[in-house]
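Below: the structure, in structure tokens.
Whatever order the structure lists them in is the order used to number ligands and atoms, beginning at 1. All residue numbers in this chain count up from 1 along the given sequence. Hydrogens, waters and symmetry mates are skipped; everything else that's a heavy atom, side chains included, is used.
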Amino acid sequence: MGHLTPFFRLAALLAGNNIKVTFITPSPTVSLAESQTLFRFFASFPEINQKQFHLLPLDKHPSNSEDPFYYHMERICQSSHLLSSLLSSLSPPLSALITDMSLASPAISITQALNLPNYVFFTSSAKMSTLFMSFHALIDSEATTDLDEIEAIKIPGLEAIPRSWIPPPLLQNTNNLLKTYFLENGKKMAESSGILVNTFESIEHEPLRKLNEGKVIEGLPPVIAIGPLAPCEFEKIQPLPWLDEQPAGSVVYVSFGSRTAMSREQLKELGEGLAISGHRFLWMVKDKKVDREDEEDLGQVIGSGLMEKLKEKGLVVKYWLNQEAILSHPAVGGFLSHCGWNSITEAIWNGVRILAWPQHGDQKINADIAEKIGLGTWEKSWGWGEETAVNGTDIAEKIKEMMGNELLRHQAMHIREEARTAVEIGGSSRMGPMELIETWKKT
Ligand SMILES: O=c1ccn([C@@H]2O[C@H](COP(=O)(O)OP(=O)(O)O[C@H]3O[C@H](CO)[C@@H](O)[C@H](O)[C@H]3O)[C@@H](O)[C@H]2O)c(=O)[nH]1
């Protein structure tokens with residue numbers, strides 16, 4: 001969902017500007033959230049053409065990853081040669097393809113053969129994209145023989161990224177799926193026609209500037225800020241009777257995105273923390289990475305005693321809620337978040353302050369941005385999810401600090417205004433997409 005959501009928002013933006021959009025979705029999907037959201041998306045945008053990309057089966061579990069989302073990514077990459085005939089069969093013929101960054105390498109090779117412009121959409125921060133696009137050079141350099149020795153990664157012109165913020169699989173000396181994809185796709189980005197990023201100038205001025213000055217990697221195509229992409233109307237629909245009864249700004253929303261499941265031990269500590277904090281809260285519990293496998297009820301997952309305690313001040317759910325409907329609700333005053341990039345841009349869009357608790361991947365780099373721009377606080381000693389179990393009392397303390405921090409609340413509202421200005425007519429994130437649209441219309 002972290003990739004699908006920004007893609008359908010971009011598709012909606014293009015369709016709204018009289019571009020004929022075909023949206024290619026891999027079939028089958030991994031999660032129920034994906035298939036249900038796609039259904040609602042196509043129902044809301046009948047003018048957008050849906051094409052299913054039927055994936056080939058994989059004989060056996062071929063990678064060293066147990067993660068169903070990585071397994072799926074592998075299946076998509078191994079089926080990617082079939083994209084060529086799918087793209088050629090579309091009518092009217094395509095003017096351009098926009099590809100997810102995790103498919104940059106195979107997709108760019110295909111579109112080069114078809115002589116078709118290929119733009120890559122990077123769904124995380126511009127800062128993360130600097131690591132993505134320069135990591136292969138670091139690995140190739142003769143100076144880097146042992147990744148255990150790396151203390152920080154220095155990207156030209158930018159502040160160094162400390163070792164502890166780098167996704168741990170990238171620092172393993174042995175190969176793994178994330179590292180292989182990171183290297184292959186990151187390297188291929190330079191051959192794309194342009195790189196679109198769901199960010200905006202006032203929060204990521206420096207990485208955007210360095211990327212476009214050729215300081216990070218020479219010979220990159222234009223890197224175009226297009227965010228924050230506005231949520232679609234169908235995302236705002238969600239009956240929230242409990243939330244409607246809470247005072248303005250009083251509720252802490254707790255969610256770790258669409259693919260992060262915490263250990264049972266950590267879930268219990270988090271529950272205790274919420275209870276001790278004394279604040280109202282809306283907690284979206286995830287017990288399994290993939291929602292289809294999330295079968296046990298809340299009593300089994302966090303215990304009926306704790307559930308009873310939590311009912312006093314909060315609402316705990318274990319099903320998909322439209323995050324946009326929650327973050328835009330006046331009762332929500334803070335967000336305990338894993339810092340998936342969409343969660344950050346959605347918090348910005350709605351002016352909601354953040355308590356950052358990065359779990360994996362790009363999330364520490366994103367948490368740093370949230371902290372630096374004054375949107376949130378980040379307790380770095382909590383480490384990655386699963387690294388150490390953070391205890392409930394500490395969680396409660398940090399929630400109280402965030403909810404009591406008026407400066408953060410004001411800053412979040414200020415960043416919200418900047419974000420909305422960026423995507424208005426004449427705004428810094430409006431010009432790039434409009435120029436592209438004009439180019440495509442001419443061809
Ligand atoms: O109950 C839920 C949970 C999530 N969401 C939405 O799902 C998306 C989740 O995206 P994100 O916040 O970015 O988190 P992940 O699902 O974890 O996203 C993956 O993709 C992101 C973009 O590349 C990365 O930044 C993350 O680290 C990676 O885990 C957002 O649009 C949320 O609004 C809901 O609507 N309801």
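- For ligand 1, the atoms lying closer than 4.0 Å to a non-hydrogen atom of Thr5 are 31 (O).
- For atom 13 (O) of ligand 1, the nearest non-hydrogen atom of the protein is Asn342 ND2, 2.8 Å.
- Between Lys127 and Asp362, none of the side-chain N atoms (NZ, or NE/NH1/NH2) sits under 4.0 Å from a carboxylate O, so this pair counts as no salt bridge.
- Per-residue contacts place Arg259 under 4.0 angstrom from the following atoms of ligand 1 (heavy atoms of the residue considered): 17 (O), 29 (O).
- One distance of note links CD1 of Ile415 with NE2 of His410; it measures 13.0 Å at 0.5 Å rounding.
- Residue contacts with ligand 1 for Asp362 involve side-chain atoms from C-beta outward but no N, CA, C or O (heavy atoms, distance under 4.0 Å).
- Annotation: Gln363 places an N or O atom under 3.5 Å from an N or O atom of ligand 1; distance criterion only.
- One distance of note links CG of Asn173 with CD1 of Ile139; it measures 8.5 Å at 0.5 Å rounding.
- The side chain of His360, and not its backbone, has at least one atom closer than 4.0 Å to an atom of ligand 1 (non-hydrogen atoms only; side chain from C-beta on).
- The side chain of His338, and not its backbone, has at least one atom closer than 4.0 Å to an atom of ligand 1 (non-hydrogen atoms only; side chain from C-beta on).
- Atom 16 (O) of ligand 1 has as its closest protein heavy atom Ser258 OG, 2.5 Å.
- With no hydrogens or angles considered, no side-chain donor-acceptor pair links Asn342 and Glu346 at under 3.5 Å.
- Counting only heavy atoms of the protein, atom 4 (C) of ligand 1 lies nearest to Trp320 CH2, 3.3 Å.
- For ligand 1, the atoms closer than 4.0 angstrom to any heavy atom of Glu346 are 30 (C), 31 (O), 32 (C), 33 (O).
- Considering Ser343, Ser124, Ala325 only, the shortest heavy-atom separation from atom 12 (O) of ligand 1 involves Ser343.
- For the ring pair (Phe, Tyr, Trp, His ring centres under 6.0 Å) test, residues two or more places apart in sequence or in another chain that qualify with Phe41 are Phe8, Phe23, Phe45.
- Among protein heavy atoms, the minimum distance from atom 35 (O) of ligand 1 is reached at Gln323 N, 3.0 Å.
- A salt bridge links Asp368 to Lys372: one of the charged nitrogens lies within less than 4.0 Å of a carboxylate oxygen.
- From the protein, the heavy atom lying nearest to atom 36 (N) of ligand 1 is Leu321 O, 2.5 Å.
- Scanning all protein heavy atoms for the shortest distance to atom 18 (O) of ligand 1 gives Gly2 CA, 3.4 Å.
- A salt bridge between Lys309 and Glu272 is present, with a side-chain N of the basic residue lying under 4.0 Å from a carboxylate O of the acidic one.
- Protein heavy atom in closest approach to atom 1 (O) of ligand 1: Met284 CE, 3.0 Å.
- In Thr123, the parts holding a heavy atom less than 4.0 Å from any atom of ligand 1 are both the side chain and the backbone.
- A perpendicular orientation is assigned to the rings of Trp357 and Phe256, their planes being inclined by more than 60° (bins at 30° and 60°).
- Counted within 6.0 Å of CD on Glu151, heavy atoms from surrounding residues, nucleotides or ligands total 12 or fewer; the atom is thus considered open.
- Annotation: Asn322 places no N or O atom under 3.5 Å from an N or O atom of ligand 1; distance criterion only.
- Taking a cutoff of 4.0 Å between a charged side-chain nitrogen and a carboxylate oxygen, Glu417 and Arg420 do not qualify as a salt bridge.
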